[in-house]
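In this chain, numbering begins with 1 at the start of the sequence shown. Since we're looking at a predicted model, the values are computed, not measured.
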Amino acid sequence: LRFSFVVPVYNRPEETRELLGSLSRQEFADPFEVVIVEDGSRVTSEAVVGEYQDRLQIAYYKKENTGPGDSRNYGMKKALGTYFILVDSDCILPPDYLGEVSGALSKGYLDCFGGPDDAHPSFNALQKAISFTMTSVLTTGGIRGKKIVRDFQPRSFNMGLSREAFEASGGFGNIHPGEDPDLSLRLKKLGFSLGFIPGARVYHKRRIDFPSFFRQVHKFGLTRPILNRWHPGSSRIS
């Protein structure tokens with residue numbers, strides 16, 4: 001396997017620095033690639049990427065703002081790897097992340113995988129509270145990895161995707177939010193294998209306040225009826 005990390009970035013150079021720092025500390029012997037896609041940012045991460053050019057194999061691209069799903073598609077088309085790993089710019093990866101992914105795929109191959117997100121002990125109280133809200137079985141039914149539900153749907157903040165699955169599906173569709181469950185459901189219909197890798201954990205920082213968090217969850221709610229119409233039978237109570 002040869003991995004390419006694909007990361008869309010929008011006005012978050014400090015997030016990019018933390019993510020690249022965690023990628024530079026991966027305890028993984030084989031080479032891997034990092035593809036940063038600047039999605040029309042006013043404050044770019046170009047200088048930050050330059051800081052890590054001698055420590056990581058990085059490809060850096062700038063494009064007009066078209067949203068995270070389209071930017072991930074753009075990055076995967078440019079990537080050199082045979083297997084893409086999609087993470088958000090506000091994620092921090094533990095040193096054993098790639099080793100866990102590689103070992104799990106060697107034992108039981110998946111065309112698309114998801115992993116859990118969690119709060120790092122260094123996060124502030126608000127970040128930990130929002131992390132709990134987004135991952136608790138009581139709130140989201142465990143879809144983000146606290147307790148695995150039937151027919152797990154990987155989410156794009158921490159998702160692996162084979163090149164074959166990307167090319168067959170066309171990647172993410174023209175919807176946001178909701179582009180990741182839409183892709184997962186389309187991949188399942190196409191016959192690709194999807195699953196959960198418990199060891200592929202990321203620390204999801206979520207630099208947001210309560211008003212922006214409310215707007216995000218509100219958008220999720222507005223998207224769900226659309227997904228239910230596109231994919232009949234996919235809805236469930238949680």
Keeping the roles fixed (side chain from [X], backbone from [Y]), state whether a donor-acceptor pair exists under 3.5 Å.
X    : Y    : answer
E38  : S45  : yes
D180 : S156 : yes
S41  : N11  : yes
S184 : P154 : yes
S162 : A165 : yes

Decide yes or no for [X] and [Y]: does some side-chain heavy atom of the first lie under 4.5 Å from some side-chain heavy atom of the second?
X    : Y    : result
R201 : D117 : no
L23  : L56  : yes
F3   : S102 : yes

Got a sec, which residues hit side chain to side chain donor-acceptor pair (under 3.5 Å) with [X], two or more places apart in sequence or on another chain?
X    : result
R163 : none
E33  : S4
S71  : D39, K63
T223 : none

Once you round to the nearest 0.5 Å, how far does [atom1] of [X] lie from [atom2] of [Y]?
X    : Y    : atom1 : atom2 : result
S122 : K205 : OG    : NZ    : 6.0 Å
I36  : Y52  : CD1   : OH    : 11.0 Å
C91  : Y97  : SG    : OH    : 8.5 Å
E15  : Y10  : CD    : OH    : 13.0 Å

The criterion is side-chain contact (heavy atoms from CB on, under 4.5 Å); which residues satisfy it with [X], sequence neighbours excluded?
X    : answer
L185 : Q153, H231, S234
Q53  : V49, I58
R229 : I226
N174 : none

_So which atom in R186 and which in G173 form the shortest heavy-atom distance, rounded to 0.1 Å?_
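Where R186 meets G173 most closely, the heavy atoms are NH2-N, 3.6 Å.
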*Least distance between heavy atoms, V43 atom then P13 atom*: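 Heavy atoms only, the tightest pair is CG1-CG, 3.8 Å.
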For the hydrophobic clusters of this structure (ILVMFWY residues joined by side-chain heavy atoms under 4.5 Å, transitively), does one cluster hold both [X] and [Y]?
X    : Y    : value
L19  : F123 : no
V101 : L110 : yes
L98  : V87  : yes

*What residue pairs, at least two apart or across chains, pass salt bridge (charged side-chain N to carboxylate O under 4.0 Å, His left out) with a residue in residues 42-55?*
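The answer is R17-E51, E46-K62.
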*What pairs meet the salt bridge (charged side-chain N to carboxylate O under 4.0 Å, His left out) rule with one or both residues in residues 92-108, with sequence neighbours excluded?*
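As it turns out, there is no salt bridge (charged side-chain N to carboxylate O under 4.0 Å, His left out) pair with a partner in residues 92-108 once direct neighbours are skipped.
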*Quick one: list whatever passes salt bridge (charged side-chain N to carboxylate O under 4.0 Å, His left out) with D111, sequence neighbours left out.*
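Counting only residues at least two positions away or on another chain, D111 forms no salt bridge (charged side-chain N to carboxylate O under 4.0 Å, His left out).
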*Which other residues belong to the hydrophobic cluster containing F84, where Ile, Leu, Val, Met, Phe, Trp and Tyr are joined when side-chain heavy atoms lie under 4.5 Å apart, directly or via other members?*
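Listed partners: V6, V35, V37, Y61, Y74, M76, L86, M159, L161, F166, F172, L183, L187, L190, F192, L194.
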_Could you check whether D88 pairs with R72 (Lys NZ or Arg NE/NH1/NH2 to Asp/Glu carboxylate O, under 4.0 Å)?_
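Salt bridge: yes.
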*So H204 and D118, side chain to side chain donor-acceptor pair (under 3.5 Å) or not? Walk me through it.*
CA-CA 6 Å; H204 204 170; D118 207 348; over 6 Å; no
*Would you please test F5 and F32 for ring-ring contact (aromatic ring centres under 6.0 Å, His included) and show each step?*
CA-CA 8 Å; F5 285 93; F32 61 90; 5.6 Å; yes
